[in-house]
Amino acid sequence: MKNKGMLAIGIGLVVLFVGGCVAAYSLGATKPQDQVKTKHAAQLPKSATPDNSNLILVNKKHPLKHELGFKQAEMNGITISQTIQQPLENFMNGAKAAGYPATLVSGYRSKAYQEQVFNQNYEQNLSQGMSHDEALKATKGVIQTPGSSEHETGLAVDVMTNQYWDKYHNLEAKSDQTAGQKWLIKHAPEYGFVLRYVKRPEGRKSTGIDYESWHFRYVGVENAKYMTKHHLTLEQYDQMIKDQHQN
Ligand SMILES: [Zn+2]
């Protein structure tokens, strides 16, 4: 009886503790929370503003409604936004100078192109005997819905070290085991890029996308360094910026 009593008290304390956390978390307007928020917000870089076009958030929950009108540039036959031309060139040159030449595999994809790829896959599923719902579900599992691919911004690139690319010609997570890809991931922020879809457990939960050791997104040097230092995904960073500017 005594043991059961102790157990009950123990469980009660655990529930109280967990409950306390949830309550503290959900009560965004309490004073200590506000103080934490302000303190954190004050540390945000100057360029971390809602109107900074380098910080545009594109994902399934925030799809582009139309094509973004930006100046395009070309690198090795691949289209990118002119905004990232110089930073990307510096990034690739930096890697090369360090002994790790890399390949720019993919850059800008238009919404129309994304639509075409999406529809082709869907039609293929239909022709294999799937119903409309089944085909759509299967396609969505492997291809970003048109409008929700970050490549449509021109600010995202797939870059892979030649150590891996020359051998496998495939974008695979395990490329991060090569010294070259390690270099790219480590030094990207110095050139204004972040590894967008991180390996950390909160990565997938926050971005909705599995780890991609090759997908880099330009956000500017200040923001890239800050996000990397504080282990923030763009989704989390975007929320912090919005919170700060609401006050
Ligand atoms: Zn990509």
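Just follow the structure's listing: the first ligand is 1, and inside any ligand the first atom is 1.
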Q. Is there a path of hydrophobic side-chain contacts, each under 4.5 Å between heavy atoms of I, L, V, M, F, W or Y residues, that connects Leu171 with Ile80?
A. no
Q: Kindly give the heavy-atom pair with the smallest separation between Ala138 and Asn125, and that separation in Å.
A: CB-ND2, 3.6 Å
Q.
Side chains of Asn54 and Thr83: any donor to acceptor distance under 3.5 Å?
A. no
**Q.** Closest approach of Glu172 to Ser213 (non-hydrogen atoms, all atoms of both residues)
**A.** O-OG, 3.3 Å
**Q.** Shortest non-hydrogen separation from Gln181 to Val159 and the atoms involved
**A.** NE2-O, 3.1 Å
Q | Metal environment of the Zn ion (ligand 1), protein N/O/S under 2.8 Å | A | His151 NE2, Asp158 OD1, His215 ND1
Q.
Do Thr207 and Glu235 pair up side chain to side chain, a donor and an acceptor below 3.5 Å, judged on atom types alone?
A. no
